[in-house]
There are 2 protein chains.
Amino acid sequence: MSSKTSRAALMQELEEAMRRSSAQGVMYGQAVANVAGISNSDMDCMDFLNLEGRVTAGRLAEVTGLTTGAITGVIDRLEKAGYVRRERDESDRRKVFISVVEEKAAEIGKFYVPMQAAMHKLWSGYTDEELRLLLRFANDGYKGVLEATEALKGVIDTPPEKRVPLKSPKSRR
Amino acid sequence: MSSKTSRAALMQELEEAMRRSSAQGVMYGQAVANVAGISNSDMDCMDFLNLEGRVTAGRLAEVTGLTTGAITGVIDRLEKAGYVRRERDESDRRKVFISVVEEKAAEIGKFYVPMQAAMHKLWSGYTDEELRLLLRFANDGYKGVLEATEALKGVIDTPPEKRVPLKSPKSRR
DNA sequence: GCTATATATCTTAGTCACTAAGATTATTAG
DNA sequence: CTAATAATCTTAGTGACTAAGATATATAGC
């Protein structure tokens with residue numbers, strides 16, 4: 001961490017620091033799902049719904065990587081818990097739109113308060129200039145990870161014998 | 001993203017950008033587990049083992065938040081696949097140390113190559129000065145998220161029987 | 001040295017979320 | 001009107017999880 005570290009060592013440190021903090025971020029998300037009493041996949045869907053507002057069941061399957069059958073289960077659970085509503089599309093009655101029940105979904109929001117507080121506290125120690133650099137980095141980083149995820153698919157040489165489901169079932173209770 | 005965004009708006013943007021990129025990072029990890037043919041929990045344990053080198057089964061349960069019974073299953077699968085070895089502690093024969101089989105574990109490493117390449121490409125666009133700022137931020141951020149995870153436990157108001165053990169915020173290394 | 005208790009891991013039974021395949025219902029094309 | 005297509009749901013089977021308890025070993029008190 002000395003300010004004289006070589007660039008290579010700096011990158012090494014950066015890599016580890018980012019891995020560590022992102023791993024901890026994942027844990028926070030899991031902790032939120034746990035205290036909210038819903039599974040990780042359900043939480044992923046809620047996150048996406050909060051961004052998009054109103055999407056079809058098929059689209060949820062697409063973005064989560066789950067099968068449509070699994071999504072039916074996700075929606076069943078979320079609907080039963082009161083977080084979302086099913087709404088049939090009147091113009092194409094095969095489609096089912098899922099929309100967030102705001103009042104109920106807001107209950108989950110409070111679990112993110114500690115995280116937001118920590119972030120704001122953290123950011124207060126940085127200048128606008130520095131925050132802009134961080135923003136640029138986060139945006140560039142997003143693109144980089146996106147590319148890497150694509151590239152990873154080209155690396156696949158493992159026999160497709162046994163591919164494990166993308167989402168780990170994190171059952172509660 | 002204009003350079004004269006107000007500080008509040010800047011923070012808002014930063015929050016979203018970081019959420020997006022970290023979510024994509026999670027997906028990358030899942031994709032790696034998927035192509036490697038092992039489950040997410042198994043991958044979590046491999047990550048931890050790669051940092052620590054050699055830990056007991058109980059410690060793995062502790063850091064992953066899984067029960068010892070579940071860990072037995074994790075180790076069974078990893079051992080069968082050749083990634084780890086069980087080694088009974090000679091001085092306390094109740095304990096079972098789990099150690100990584102380096103040659104085999106290295107096979108997983110190659111799935112991180114696209115990610116590392118993307119990161120190095122990304123970083124090459126930044127000065128040493130800027131990278132040091134990013135490092136400081138990543139380290140501060142880690143601490144912040146750690147605190148937030150702790151604080152989250154204080155927000156809990158859901159009935160305890162609906163909850164599941166939180167992953168402990170342990171210090172990786 | 002014995003006995004009780006504590007510690008570390010493994011086993012068992014039951015549960016839940018997942019996949020794959022196919023059923024159901026609605027739309028569109030010929 | 002029929003066939004093909006599309007979107008969601010249903011079913012059967014599987015894998016990973018938890019809770020509780022079994023097993024094996026270690027430590028402390030007498």
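Letters A, B, ... mirror the listed sequences (proteins, then strands); counts begin at 1. Just so it is clear, the structure is predicted and the values come from calculations on it, not from any experiment. The basis for the numbers below is simple: all heavy atoms, side chains too, and nothing from hydrogens, waters or symmetry mates.
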- Which residues pass the side chain to side chain contact (heavy atoms under 4.5 Å, CB included) test with A:Ala33, sequence neighbours left out? A:Asn40, A:Met43

- Message: When you measure only distances, ignoring hydrogens and angles, does the side chain of A:Ser39 come within 3.5 Å of the base of C:dC16 through a donor and an acceptor?
- Response: no

- Query: Hey, what bend do you get for the helix from C:dG1-D:dC30 to C:dG30-D:dC1 if you fit axes on five pairs at each end, rounded to 10°?
  - Reply: 10°

- Item | Donor-acceptor pair, side chain of A:Arg54 and main chain of A:Val100, under 3.5 angstrom | no

- Would you check if the side chain of A:Glu13 reaches a backbone N or O of A:Leu10 as a donor-acceptor pair within less than 3.5 Å? no

- Message: What's the closest nucleotide to the side chain of A:Leu66 if the choices are D:dC9, D:dT18, C:dT19?
- Response: C:dT19

- Query: Checking A:Glu52 side chain against A:Leu49 main chain: does a donor-acceptor pair fall under 3.5 Å?
  - Reply: no

- Task: Consider the side chain of A:Lys95, meaning its heavy atoms from C-beta on, and name the nucleotide among D:dT8, C:dT19, C:dC10 that approaches it most closely.
- Result: D:dT8

- Got a sec? Which of residues 52-62 of chain A come in under 4.0 Å of DNA chain D, heavy atoms? A:Thr56, A:Ala57, A:Gly58

- Query: Any Lys/Arg nitrogen of B:Glu90 or B:Arg93 sitting under 4.0 Å from an Asp/Glu carboxylate oxygen of the other?
  - Reply: yes

- Relative to the ring of B:Tyr126, is the ring of A:Phe137 parallel (under 30°), tilted (30 to 60°) or perpendicular (over 60°)? perpendicular

- Query: Of the candidate nucleotides D:dC9, C:dA20, C:dT9, which contains the atom at the shortest distance from the side chain of A:Thr68?
  - Reply: D:dC9

- Message: Output the rounded distance in Å from CG (A:Asp76) to P (C:dA17).
- Response: 11 Å

- Between P of D:dG15 and NZ of B:Lys80, the distance in whole Å: 10 Å

- From CG of A:Asp42 across to P of C:dC18 the rounded distance in Å is 7 Å

- In whole angstrom, give the distance that lies between atom CG of A:Leu78 and atom P of C:dA17. 11 Å

- Could you tell me whether A:Arg20 and A:Glu15 make a salt bridge, using a distance below 4.0 angstrom between a side-chain N and a carboxylate O? no

- Apply side chain to side chain contact (heavy atoms under 4.5 Å, CB included) to A:Glu62 and list each qualifying residue two or more places apart in sequence or on a separate chain. A:Arg59

- For atom CD1 of A:Ile98 and atom C1' of D:dA7, their distance in whole Å: 11 Å

So which protein nitrogen or oxygen atoms get under 3.5 Å of nucleotides 27-30 of chain C's nitrogens or oxygens?
unit_1: C:dT27; atom_1: OP1; unit_2: A:Arg93; atom_2: N; d: 2.9

- Query: Any donor-acceptor pair under 3.5 Å between the side chain of A:Ser41 and the base of C:dC18?
  - Reply: no

- Within the side chain of B:Asn34, is there an N or O that forms a donor-acceptor pair under 3.5 Å with the backbone of B:Gln30? no

- Query: For A:Ile71 and C:dC16, what is the distance between atoms CD1 and P respectively, to the nearest whole Å?
  - Reply: 19 Å

- Message: Just by distance, no angles: are the side chains of A:Ser39 and A:Asp42 close enough, under 3.5 Å, to form a donor-acceptor pair?
- Response: yes

- Query: Atom CZ of A:Arg88 to atom C1' of C:dT24: distance rounded to whole Å?
  - Reply: 10 Å

- Message: Without decimals, in angstroms, what is the distance between B:Ile75 CD1 and C:dT9 P?
- Response: 8 Å

- Message: Tell me every residue that passes side chain to side chain contact (heavy atoms under 4.5 Å, CB included) with B:Glu79, counting only those two or more places apart in sequence or in another chain.
- Response: B:Val84, B:Arg86

